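Note sheet for the following structure.
Each chain gets a letter, A, B and so on, in the order the sequences are listed, and its residues count up from 1. Please read these numbers as outputs of a predicted model, since none were measured by experiment.
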There are 2 protein chains.
Amino acid sequence: MSPTPRERARVDTMERILTSGRQQLAEHGAAALSLRAVARDLGMVSSAVYRYVASRDDLLTALIIGGYRDLAEVAEEATTGRAAPGRRFVALCEAIYSWAREHPHQYALLFGSPVPGYRAPGGTVTDAARTPAVAIQLIEEAWQSGELAVDAPMPPAGPAVRRQAKELGAALDSALPETVLIRFAAAWTQVFGVISFDLFGQFVGSFEPGDHICTFTFRTAAHTIGFSGQIPSAR
Amino acid sequence: MSPTPRERARVDTMERILTSGRQQLAEHGAAALSLRAVARDLGMVSSAVYRYVASRDDLLTALIIGGYRDLAEVAEEATTGRAAPGRRFVALCEAIYSWAREHPHQYALLFGSPVPGYRAPGGTVTDAARTPAVAIQLIEEAWQSGELAVDAPMPPAGPAVRRQAKELGAALDSALPETVLIRFAAAWTQVFGVISFDLFGQFVGSFEPGDHICTFTFRTAAHTIGFSGQIPSAR
DNA sequence: CGCAAGAGAGAGCACTGCTCTTGCAATCGG
DNA sequence: CCGATTGCAAGAGCAGTGCTCTCTCTTGCG
């Protein structure tokens with residue numbers, strides 16, 4: 001049952017390919033990610049890499065999945081502790097933001113324009129869902145302890161989006177009201193919207209540097225969800 | 001003073017290059033935009049295109065600027081009329097959303113990950129600023145007629161972001177309070193955040209199709225800004 | 001031990017961006 | 001009006017890319 005040397009070598013080179021690809025991505029971006037460069041970096045010939053990776057896009061999706069895992073771990077780690085859920089939600093946003101600034105190319109790969117034709121939907125979705133799941137967990141905590149402002153004023157939600165929210169709640173096995181899930185979706189897009197704006201240079205000429213408006217927007221998102229009263233004041 | 005035939009031919013081929021590039025972009029995306037393909041499309045040899053366009057990135061930035069102009073025109077047209085500013089703001093969001101769905105690759109080029117190294121800052125910024133300027137115009141209208149909920153509860157804004165908002169207000173020659181500009185920034189990122197989420201496939205497995213959550217989020221953004229009471233109910 | 005499967009090497013095809021040189025045509029100055 | 005200058009297009013070519021094919025050598029299993 002112990003792995004043969006060949007198998008060991010295989011997973012080892014596979015790992016080296018992924019590591020090199022990750023490095024290429026971090027340094028030069030997804031557009032410059034080249035299988036030949038990875039091969040050069042590893043001291044092998046380009047055709048040999050195809051024994052491990054079916055195509056360039058294949059490597060890219062592997063890196064995407066790894067990125068989602070990375071981010072999810074950061075998110076899970078950032079929300080440990082006993083602070084109020086609202087504070088932990090803001091901490092989660094800040095952690096995502098920090099990760100994005102430290103790994104801008106990875107972030108762009110995950111949340112920027114899809115690179116090839118479209119996102120590969122395979123195992124990507126489950127890994128991608130981990131990070132929002134952390135946020136929903138916080139909301140659920142706040143709701144169960146009665147800390148969530150469920151009746152905060154909000155625009156009316158149409159029947160279609162209510163149904164989607166209901167189905168999502170069922171799929172997540174969550175007892176949260178649909179309105180809360182809907183508000184969460186709106187707030188969640190806000191969090192990533194402001195991070196993307198900052199990283200992709202949309203704040204040039206206005207709110208620059210963007211970290212202050214990001215901090216404010218994270219609190220606004222928490223407010224939108226209903227974490228009112230627990231939001232830490234800005235530094 | 002009349003343009004010589006040579007000059008006419010020059011601007012003509014320049015236009016044809018841009019048109020072909022726009023088409024390439026719309027059909028196959030920015031990654032597949034190829035100067036050689038443009039040359040083939042126009043029946044000329046690739047080196048000849050370099051008489052008109054310095055590089056591939058050069059053509060790309062030209063298309064970016066054109067995209068910003070396109071979007072700005074859509075935005076300006078969508079906000080004509082005498083409806084309440086809040087309603088016109090939502091109409092603006094919907095118009096942006098429609099444009100994005102009709103031109104997903106252009107939208108990705110403008111608001112997705114920056115393609116080459118970084119966004120060319122030259123004349124891009126002024127064109128990019130036109131669309132948010134439309135929104136700010138609406139806010140100003142609402143404010144001047146006292147329709148804006150200036151005292152709506154909001155998270156505290158730190159001194160840094162207040163200063164940025166003050167400078168932005170001065171640059172825009174706007175009399176709006178800083179808090180309103182800050183709230184606008186947070187709401188604006190929300191609008192583009194939800195559109196990007198939808199177009200880039202982040203709603204797969206949750207709020208799919210995304211148009212309903214987009215509609216709701218646009219209203220939430222309007223609510224965040226302070227257009228309360230004027231927001232049209234969902235269909 | 002022998003033979004099939006795995007792994008790397010190399011050549012090669014079609015494509016890309018971009019540069020350089022060459023030849024032709026239009027424009028302008030005298 | 002004619003020669004010189006300038007602008008434009010074409011072609012070849014370089015370096016790089018993704019990907020496929022064949023060939024060779026090693027590994028490991030029966």
Do A/Glu76 and A/Arg130 sit within salt-bridge range, that is, some charged N less than 4.0 Å from a carboxylate O? yes

Between which nucleotides of DNA chain D, 5' to 3', does chain A make heavy-atom contacts below 4.0 Å? D/dT17 to D/dC29

Atom-to-atom span, CZ of A/Arg36 to C1' of C/dT16 - whole angstrom: 12 Å

Axis-to-axis angle across the helix from C/dC1-D/dG30 to C/dG30-D/dC1, five pairs each end, nearest 10 degrees, ~ 0°

Within the structure shown, what part of the strands sits under 4.0 Å from A/Leu42 by heavy-atom distance: base, sugar-phosphate, or nothing? nothing

With respect to the phosphate group of C/dC18, does any side-chain polar atom (N or O) of B/Arg56 fall under 4.0 Å of OP1 or OP2? no

Identify which one of B/Ile213, B/Ile195, B/Val191, B/Thr217 satisfies the side-chain contact (heavy atoms from CB on, under 4.5 Å) criterion when paired with A/Thr189. B/Thr217

How about B/Thr13 and B/Leu42: do any of their side-chain heavy atoms sit closer than 4.5 Å? no

Please state whether the rings of A/Phe184 and A/Trp188 are parallel, tilted or perpendicular, taking 30° and 60° as the class boundaries. tilted

Could you check whether B/Ser46 gets within reach of a base, just the sugar-phosphate, or nothing at all, counting any heavy atom under 4.0 Å? base

State whether the distance check finds a donor on one side and an acceptor on the other, under 3.5 Å, for side chain A/Arg51 versus base C/dG8. yes

Within this structure, what is the CG-to-P distance between B/Asp41 and C/dT16, rounded to whole angstrom? 13 Å

What about B/Phe192 and A/Phe197, are their ring centers closer than 6.0 Å? yes

Residues B/Ser206 and A/Gln164: side-chain donor-acceptor under 3.5 angstrom: no

Answer with base, sugar-phosphate or nothing: what part of the nucleic acid does A/Ser47 contact at a heavy-atom distance below 4.0 Å? base

C/dG8, OP1 or OP2 - any side-chain N/O from A/Arg6 closer than 4.0 Å? no

Test item: side-chain donor near acceptor, A/Asp198 and A/Tyr97, under 3.5 Å: yes

